[in-house]
Amino acid sequence: MFLIDPKQIINQRQLSWLTSSIITSGGILTLQNVMLRISQMDAWYSYFFSALYVCGIAAFFGYLTKHYPEKHIFTITKEVLGRWGGTLVNLIMVFHFWQIVVRDVASISHFSSTLLLHSTPFEILIFLPCFLLMYFGKTSVEVIARVNDLFYPLFMVTILAMPLMLANEFFPRLLTPTLTTPGPQLLTSGFLTLGSAGDLFILGAFLHMLYNSNHVRSSIRHGALLGLFLLTMLLFLIIAVLGPKMPGNFLYPVYNLVQMIHITDFLDRLDLVMLMIWFPTIACKMIAIYLALLIGISSIINEPNYPYLNKPISLLMVVSTILSFKNITEVLSFSNFCSPVIVLAYQPLLVLLIFIVTLVKKRKEPDSQSSASSKAQPHGKKSAQFIGKVSQLLPYSVWRWGGDALIVLCGGCILVGLMFSRHTPLVGIVCGATFAVCFFLTTLTTYMEVTILKQAESGGS
C-alpha cells in the first residue's frame, strides 16, 4: 500500500499559483452569463467583493499558522473546539468539499459533452476525471503543486495575451455608460462570486506544509487577487467585444470570446489550442480539492494514511456526480446560486468561532507560540534583501498595507461612481479607469510581499 510522507512542503510560489488556479478554474466555466444578466456593462466590477472575502480568508489562515504551526485546519478544529465539536465542524467542511468536487466534475463533463464530445456517453465523461482523481489521490499536494507550476503560467499567458489577440474586435462604446447599474444589482452579482471564492477554504487542509504565517497570508492574497484580476479582465473583454446583452444568453461566454480570436485564416481555431492549456489547470484545481477531501475524511476517522481511502472515495465521486445532476442547467444553477449560500452559511461563523476561542486560549498562555510565530519575519537586514529594483524601494509592511489601501480605494471608486455617474458620465469613466489601475496595483503589491518574504527566507537560511 502507498504510504504518504508526513513531511510535505510546498513553497510560497506554489501556494500562490495553486490559489490562483482554484479561483480562476472556479469562475471560468460558470457565472459570467448570470453576472452579465444582472449587472450588464458593470458586471466586471463584481469580483471586487470576492477580493475582500479572500483577503479575510488569507488573514485567517495566516492567524491559524501563527498559533498552530505544522497543523492543518481539521486538526486545529479538534484542538480548539474539542473532539466532538471539532468532528462536527470537520464533517461540515468535508461535506462542502465533497460538493465542490462533484460540482466541478459535473461542470467539466457537461462542458466537454456540450461543446467537444457530443456523441460520447456522459457516464464515460464523468469516469475520465474521476480516474484522474484516483491516480493523483495516491500522491500528495506536492505533486499537484508541481504539475500546476507547469501549466498555470501557460494559462496565465493565454489570458494576458487575449487583449492583444482581440484588439481588432474591441468596441469601447459597449462599456459605457459605466457604474450606472443600481447598487443592489451590483451587490447581487458580487454576492454570487463568493461561491468560487469560498473554494479557497480547502487550502486550510494544507496549512501544515508551510511554517510561517506571513508566507501563508501573502501567498494566498497574491494568488487570489491574481486570479480575480484575470477573471475581471476576461469579463471586461467579454463586454468590450460581445457587448453586455448577448453574452448573458450564452452558456460559456468565455469560450465564445475565445472563438472571436481570428489571427489570419490560418490561425482561426485557437480555441482548441487554448482549451488544451485550460483543461490541465482546471484538473489541478479538482485534484487539490479532492486531496483536501481525503485529508478531511482521514482526520475524522483517525487514519493518517489517506491514500488508503482513495479508490472508494473516487468511485463515490462517480456515483455522486451521476445521481446529483440531470443536465447542465442543474449544474449551473447549483454552482451559480447555491454555492454562495453554502459558503456564507458556515465559513464566516467558523472563522469567527475559531478566532474567538483561540484568542481566549492564547490570552491564558501568551508566550506558548511566540517562538514558532517569529520564524522568518521580514525585519532588519533580511527585509533589505529584495528581488528586483522596484521591490527594494519599500519595506514589507508598506507593501502589505499599501495593498490594503488600494483595495479600499477600489471600493471608493465603485461607491463614488454609483453616486455620481448617472448625472455625470465622465465621473463613471474616471472611476472605472481608477478602479482598473488600483486592482492591478493591488495584485502587484501582493507579488512584492511574496518576493520580499522569499528573499528574507533565503537570506536567513
OH of Y135: more than 12 outside heavy atoms within 6.0 angstrom?
no
Nearest heavy-atom approach of P153 to W17 is CG-CZ3, 3.3 Å
May I ask you to check whether over 12 heavy atoms, not counting those of Y63, lie within 6.0 Å of atom OH?
yes
Taken to the nearest 0.5 Å, the spacing of D199 CG from I100 CD1 works out to 4.0 Å
To the nearest 0.5 Å, tell me how far I57 CD1 sits from T19 OG1.
10.0 Å
Do any N or O atoms from the side chain of S50 and from the backbone of T193 form a donor-acceptor pair under 3.5 angstrom?
yes
Between the side chains of S20 and Y152, is a donor N or O closer than 3.5 angstrom to an acceptor N or O?
yes
Should we count CZ of F122 as having more than 12 external heavy atoms under 6.0 Å?
yes
Hey, what do you get for CD1 (I144) to CG (L18), rounding to the nearest 0.5 Å?
8.0 Å
Between V147 and C284, the two heavy atoms sitting closest are CG1-SG, 3.9 Å
Heavy atoms of V105 and S109 approach each other most closely as O-OG, 2.7 Å
For the aromatic rings, using the six-membered ring if either is Trp, is the centroid distance between F435 and Y45 under 6.0 Å?
yes
For Y252 and N33, test the side chains for any donor-to-acceptor distance below 3.5 angstrom and give the result as yes or no.
no
For the residue pair L291 and Y306, establish whether any side-chain heavy-atom pair is separated by less than 4.5 Å.
yes
Across all chains, not counting sequence neighbours, the salt bridge (Lys or Arg N to Asp or Glu O under 4.0 Å) partners of D42 are none
Looking at F206 versus H72, is the centre-to-centre ring distance below 6.0 Å?
no
For S21 and T281, work out which heavy atoms get closest and say how close.
OG-O, 3.3 Å
Give the minimum heavy-atom separation between I38 and Q185, together with the two atoms involved.
O-NE2, 2.6 Å
Please examine the side chains of F155 and S25, heavy atoms only from C-beta on, and report whether any two atoms are closer than 4.5 Å.
no
Kindly determine whether H96 and F201 satisfy ring pair (Phe, Tyr, Trp, His ring centres under 6.0 Å), including the steps that lead there.
CA-CA 10 Å; H96 181 216; F201 220 70; 8.0 Å; no
Side chains of F48 and I407, heavy atoms from C-beta outward: is any pair under 4.5 Å?
yes
Are any non-hydrogen side-chain atoms of I313 and W98 less than 4.5 angstrom apart?
no
For a 4.5 angstrom cut-off between non-hydrogen side-chain atoms, does C130 reach I126?
yes
Pair S213-T65, side chain to side chain donor-acceptor pair (under 3.5 Å): steps then yes or no:
CA-CA 5 Å; S213 59; T65 307; over 6 Å; no
With under 30° as parallel and over 60° as perpendicular, where do the rings of Y447 and H222 fit, or are they tilted in between?
tilted
Any sub-3.5 Å donor-acceptor pair from S112's side-chain atoms to L117's backbone N or O?
no
Taking side chain as C-beta onward, heavy atoms only, is L64 less than 4.5 Å from F60?
yes
What verdict does the side chain to side chain contact (heavy atoms under 4.5 Å, CB included) test give for F97 and Y290, after you've listed the backbone C-alpha separation in whole Å, the side-chain angles of each residue and the deciding distance to 0.1 Å?
CA-CA 8 Å; F97 296 170; Y290 178 70; over 6 Å; no
Ignoring hydrogens, what is the shortest heavy-atom contact between A436 and W44? Give both atom names and the distance.
CB-CZ3, 4.3 Å
What distance separates T443 OG1 from M448 CE, expressed to the nearest 0.5 Å?
12.0 Å
If I take atom CG from residue L31 and atom OG from residue S339, how far apart are they, to the nearest 0.5 angstrom?
9.5 Å
For the side chain of N148 and the backbone of F151, is there at least one donor-acceptor N/O pair under 3.5 Å apart?
no
Could you go through F355 and L359, starting from their C-alpha distance and side-chain angles, then the distance that decides it, and tell me whether this counts as side chain to side chain contact (heavy atoms under 4.5 Å, CB included)?
CA-CA 6 Å; F355 176 77; L359 192 62; 4.2 Å; yes
So do I282 and D104 actually touch side chain to side chain, heavy atoms under 4.5 Å?
no
Any side-chain donor-acceptor pair under 3.5 Å between S218 and E449?
yes
Using a 3.5 Å distance criterion without hydrogens, assess whether the side chain of S39 forms a donor-acceptor pair with backbone atoms of L36.
no
Counting distance only, does the side-chain N/O of T358 pair as donor-acceptor with the main-chain N or O of I354 below 3.5 Å?
yes
Has S219 got a side-chain atom pairing as donor or acceptor with V216's backbone, closer than 3.5 angstrom?
no
Under 4.5 Å between any side-chain heavy atoms of T445 and D404, yes or no?
no
Within the 3.5 Å criterion, strictly below it, is a donor on S46 or S189 matched to an acceptor on the partner's side chain?
yes
Below 3.5 Å, can you tabulate the donor-acceptor pairs from side chains in residues 225-236 to any protein atom, sequence neighbours excluded?
residue, atom, partner, partner atom, Å
T232, OG1, L228, O, 2.7

Which is it for L91 and I300 under the side chain to side chain contact (heavy atoms under 4.5 Å, CB included) test, yes or no, and what are the steps along the way?
CA-CA 8 Å; L91 285 172; I300 292 173; 3.6 Å; yes
First locate atom CD1 of I297, then atom CG of L294, and finally report the distance between them rounded to the nearest 0.5 Å.
6.0 Å
Donor-acceptor pair, distance only, cut-off 3.5 Å: does the side chain of S320 make one with the backbone of L316?
yes
Side chains of W278 and T158: is there a donor and an acceptor less than 3.5 Å apart?
yes
Using the rule given for side chain to side chain contact (heavy atoms under 4.5 Å, CB included), can you reason through V141 versus Q14, listing the C-alpha separation, both sets of side-chain angles and the distance that settles it, and then say yes or no?
CA-CA 10 Å; V141 75; Q14 290 174 331; over 6 Å; no
